Structures are given as structure tokens and as C-alpha cells.
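Written out below as C-alpha cells is the structure these notes cover.
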Amino acid sequence: MSLTIKLHVFTSHSHRLNLNFPTKPTPNGFTSYNYPNIRPKPIYHSDPLVSIVYNTKPIMHSPSRSVQAPIKSSLIEPDGGKLVDLVVPETDRAERVLEAQALPKVSLTKIDLEWVHVISEGWASPLRGFMREDEYLQSLHFNSLRTKDGSVVNMSLPIVLAIDDETKERIGSETNVGLVGPNGDLIAILRGIEIYKHNKEERTARTWGTTAPGLPYVEEVITSAGNWLIGGDLEVLEPIKYNDGLDHYRLSPQQLRKEFDGRQADAVFAFQLRNPARINAGANFYIVGRDPAGMGHPTEKRDLYDPDHGKKVLSMAPGLEKLNILPFRVAAYDTVQKKMAFFDPSRAKDFLFISGTKMRNYAKTGENPPDGFMCPGGWKVLVNYYESLQTEEASQQPAVVSA
């Protein structure tokens, strides 16, 4: 699991900000889109100061200095009304570490650690830890959580932590546990824990709509996981860092909102990639194509879902009413016109769908795409990138010494 976000910010001064926060340097494909069906009345809260200040002359405090009233952007409110921040303050860390050392331990996988990162920074607000059973069942059955004030938050993917029988026995009747990272370092305390049955088949069926073998996340994470789930409130001992040279790109929702406020953002557009981070990062417009539903069947040569259903479902999803969904028009390579064009169902046989995966495979193998698929200069950049990766990999291979 990774966090990949592309955000476009539009301000009243028509400045644009394009922030890319990759987990690894991979090129992106290109897709044409338009913006139909924008809700006529945005439901995010506009700050009256914006219109007041832009239509008012600055207040003059001295002949050499003018002061303008502070402006705050009209960002959409986070789910639950307030961003969650579960990182322990520096002044309390030494005490929490001592407490964690004395608790029963639960080991985290690499993906578990990434979920701790997601939860701790507020990406999953208002969730304050790994799901307890009532939250898990709401997410699994209703794709949403109901908060104490009765409002509904979209939460279509259960965020859970699995443990095995041995760990469950070791925890016993304890109410708190310490979480240990893949490298053996203490990561967090999980408080007020609840342990409940991990029905893997039901989780897979309701999350993916199938139990067909070969689903990558299921094979990697769920099948081999323990038979129990443990939920509770997280206290993370220090900010999660990966020390891979990319940590400075991984801005938290709080940092992003501060940046948008500083730019007096009137609207934030989130471009849908694999891991949408929408409302909690401040985005009030969500550009979406086929990615949410464009997943190949694991055993058959077809899409697992209807490619158009992703944008349709998101437009109707409970808890996303305040988010403006902007659907893509489907684009494909027109074999008659020899260029990319909007798909025309009346002559479907004339169109060739070249996915981002297929495009990257072309570049890796040195095979050229059809003429008109991409500008030659852009294609050259992509090919050169993959050639550089292959050169780097070759240089890291151990030399073979002949006898």
C-alpha cells in the first residue's frame, strides 16, 4: 500500500500548485478528461473573509506599510470535523516508550506499519486506531462509519490488524499492547484493545466482490494473516519515516492544509490515482476515471468490474456528498484516426485500450506504441527512464568470477 496523490490547487489569484508525492519514482500515463456534472452548489464552507478582503482596500497603518487582514482558504472540512493526530508529543515520548516496553508485543508487517502511518496522520479521520469489531462490520457491510453525532463517513476498506493464535494467547486479558515494527523497533501503543474473529473469506468477498484466487492484496496480506483481528486506539511514539530519500514528499493532511491555506486556495482538485486521499487532505473536487474499477480479473482475461462503475459508485457513495466528483470521459487509441480520442461505442472495434501497465511494458522492452499514441518527445523520456533503471540494476549485479 502506498500513498500517491496528485493535487491541483486553484486560488483566487489563478495560481496553480501541482503537488506530486510518489512513494517511488514511477512515470504516470496520460488520459484525457473533461468535467461534466459538477454540482451546481458547492457544499464546502466558503470563508467570507475571502470575498471581503479581495473587494476592500488594505488598511493603511503607516505611510510606508500596508496590512491586509488574514485570509484563510475555504477548504472542505475533514471527516468528523477535525483531523486526527495520533503521534505522541515529544515531551511525553520517553514515558510512553517505557510503558510500551513493559506491554505484550504485537509484530507489524510492512503493510501494517504503512496503515499505522495512514491512521496516525489523519488520512483515515475520524478513525483513531485499528478498527474494533463494530467499526469493522460497518465498513465491511455498509462501506461507511456512523459517527457519534450521527453523520456518515465513507470508509469502504476495513483498516484492521491481524494476529495469530499464539499472539492472542500471549496477550491474555491485557487491555493495552505494544506494536513492534518489522525491524524490531517500538512503533506504538494500542489501547483499549478488542480481539475478534478474522473471517477471511467474508472479508475478501465483501471487499472485492469475489473470492477468486490470485487477488494480489488478498494473497499477500489476508490469506497468510492470523485468525484474529485486534482493534484499539493508537498512540504512535514518533512520526513514521521510511528513510528512503522520499520522506520529505510525504506531507500529512495537516501539512497539506497549511500549504493550501498559505496559498489562499479556493478549491483543491485531487486527481484519482491508486490511493485516493480526498476530503481529509482538503480536496473538494475529485477527478476520477476507471482506476477504482479498472482491475483485471485474477484468472480470466477480462476486467473484474465494469470500468465505468467506479465513477458512478463514487458519485453515489454515502459520506461523499460534500465531495464534487468529476468523471473522466473514456479515451482510447483510435486505430482509424491514428491518435488518442474519446471512445465511441458505435465503433468500438476501432479503438485500442492501452493501459498504463501496457504502456510501461512497451517502454521497458523497447517496443514502440502505435503512431499518435504519445508525442515522440514524451515517449523518449519514458524509454530513457526505464533504460536508466536497467543500467542501474545491471551495475548492482555481482560480478561473475570464472575459475
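Since this is a predicted model, take the numbers as computed values, not measurements.
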Discussion item. I'd like to know if the side chain of Asp164 pairs up with that of Trp228 as donor and acceptor (distance under 3.5 Å, no hydrogens or angles considered).
Written reply: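 There is no such pair (donor and acceptor under 3.5 Å, judged by atom type) between the side chains of Asp164 and Trp228.
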Atom [atom1] of [X] and atom [atom2] of [Y]: how far apart are they, to the nearest 0.5 Å?
X	Y	atom1	atom2	value
Leu256	Asn280	CG	CG	11.0 Å
Ile163	Arg170	CD1	CZ	9.0 Å
Glu121	Gln255	CD	CD	7.0 Å
Leu179	Asp112	CG	CG	9.0 Å
Ile325	Ile287	CD1	CD1	10.5 Å
Arg128	Asp85	CZ	CG	9.0 Å

Is it the case that the side chain of [X] and the backbone of [Y] share a donor-acceptor pair, with hydrogens and angles ignored and the cut-off at 3.5 Å?
X	Y	answer
Tyr305	Trp208	yes
Thr223	Val218	yes
Ser139	Met155	yes
Ser151	Thr147	no
Glu321	Gly319	yes
Lys200	Ala225	yes
Lys110	Gly181	no

Worksheet item: Under 30°, 30 to 60°, or over 60°: which ring-plane class applies to His117 and Tyr242, parallel, tilted or perpendicular?
Response: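 The arrangement is tilted - the two ring planes meet at 30° to 60°.
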Of all the heavy-atom pairs spanning [X] and [Y], show the shortest one and how long it is.
X	Y	answer
Gly122	Pro253	C-CG, 4.1 Å
Phe285	Ala267	CE1-CB, 3.7 Å
His248	Gly245	CE1-O, 3.1 Å
Pro158	Met131	CA-SD, 3.8 Å
Val152	Ser144	CG1-CB, 3.6 Å
Ile111	Glu220	CD1-OE2, 3.6 Å

Worksheet item: Looking at residues at least two apart in the chain, or sitting in another chain, which of them share a salt bridge (charged side-chain N to carboxylate O under 4.0 Å, His left out) with Arg206?
Response: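 So Arg206 forms a salt bridge (charged side-chain N to carboxylate O under 4.0 Å, His left out) with Glu202.
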Residues forming a side chain to side chain contact (heavy atoms under 4.5 Å, CB included) with [X], sequence neighbours excluded:
X	answer
Glu90	Arg93
Leu352	Tyr333, Thr335, Ile354, Pro370
Lys241	Pro239, Asn243, Asp247
Glu169	none

Counting C-beta onward and ignoring hydrogens, is there a side-chain heavy-atom pair between [X] and [Y] closer than 4.5 Å?
X	Y	value
Leu190	Val106	no
Lys105	Leu186	yes
Val236	Val88	no
Asn143	Pro318	no
Leu103	Ile189	yes
Val288	Leu326	no
Arg203	Asn199	no
Glu135	Leu127	yes

Within a radius of less than 6.0 Å around [atom1] of [X], do more than 12 heavy atoms belonging to other residues, nucleotides or ligands occur?
X	atom1	result
Lys349	NZ	no
Gln138	CD	yes
Asp185	CG	yes
Gln101	CD	yes

Worksheet item: Taking it one step at a time, do Tyr362 and Phe373 satisfy side chain to side chain contact (heavy atoms under 4.5 Å, CB included)?
Response: CA-CA 12 Å; Tyr362 280 154; Phe373 172 72; 5.9 Å; no
Worksheet entry | Stepwise side chain to side chain contact (heavy atoms under 4.5 Å, CB included) check, Glu194 with Ile230 | CA-CA 6 Å; Glu194 178 184 0; Ile230 180 171; over 6 Å; no
Worksheet item: Between Asp244 and Arg250, is the closest basic N to carboxylate O distance under 4.0 Å?
Response: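 Salt bridge: yes.
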Among pairs that include at least one residue of [range], which meet ring-ring contact (aromatic ring centres under 6.0 Å, His included), considering only residues two or more places apart or in two chains?
range	answer
residues 148-199	Tyr136-Tyr196
residues 159-192	none
residues 83-107	none

Practice prompt. Just jot down the side chain to side chain donor-acceptor pair (under 3.5 Å) partners of Glu201, sequence neighbours excluded, or say none.
Written response: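 Result, side chain to side chain donor-acceptor pair (under 3.5 Å) vs Glu201: none returned.
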Item to complete: Could you pull out all residues at least two apart from Arg347 that satisfy side chain to side chain donor-acceptor pair (under 3.5 Å)?
Response: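 Arg347 satisfies side chain to side chain donor-acceptor pair (under 3.5 Å) with Asp334, Asp350 once adjacent residues are dropped.
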Discussion item. Using side chain to side chain contact (heavy atoms under 4.5 Å, CB included), reason through Asn176 and Ile193 one step at a time and then give a plain yes or no.
Written reply: CA-CA 6 Å; Asn176 304 325; Ile193 62 170; 5.6 Å; no
Worksheet entry | Positive for side chain to side chain contact (heavy atoms under 4.5 Å, CB included) with Asp79, one of Leu320, Val84, Ile279 |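 Checked Leu320, Val84, Ile279 against Asp79; only one passes side chain to side chain contact (heavy atoms under 4.5 Å, CB included): Ile279.
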Discussion item. Once salt bridge (Lys or Arg N to Asp or Glu O under 4.0 Å) is applied, what residue pairs with a partner in residues 226-239 remain, sequence neighbours excluded?
Written reply: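 For residues 226-239, and leaving out neighbouring residues, the salt bridge (Lys or Arg N to Asp or Glu O under 4.0 Å) pairs sorted by first residue read Arg96-Glu235, Arg132-Asp233, Arg191-Glu235.
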Worksheet item: Which residues pass the ring pair (Phe, Tyr, Trp, His ring centres under 6.0 Å) test with Phe351, sequence neighbours left out?
Response: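 Here the qualifying residues are Phe343.
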Fill in: Phe130 vs Ile119, side chain to side chain contact (heavy atoms under 4.5 Å, CB included): CA-CA, chis, key distance, verdict
CA-CA 8 Å; Phe130 287 104; Ile119 300 167; 4.1 Å; yes
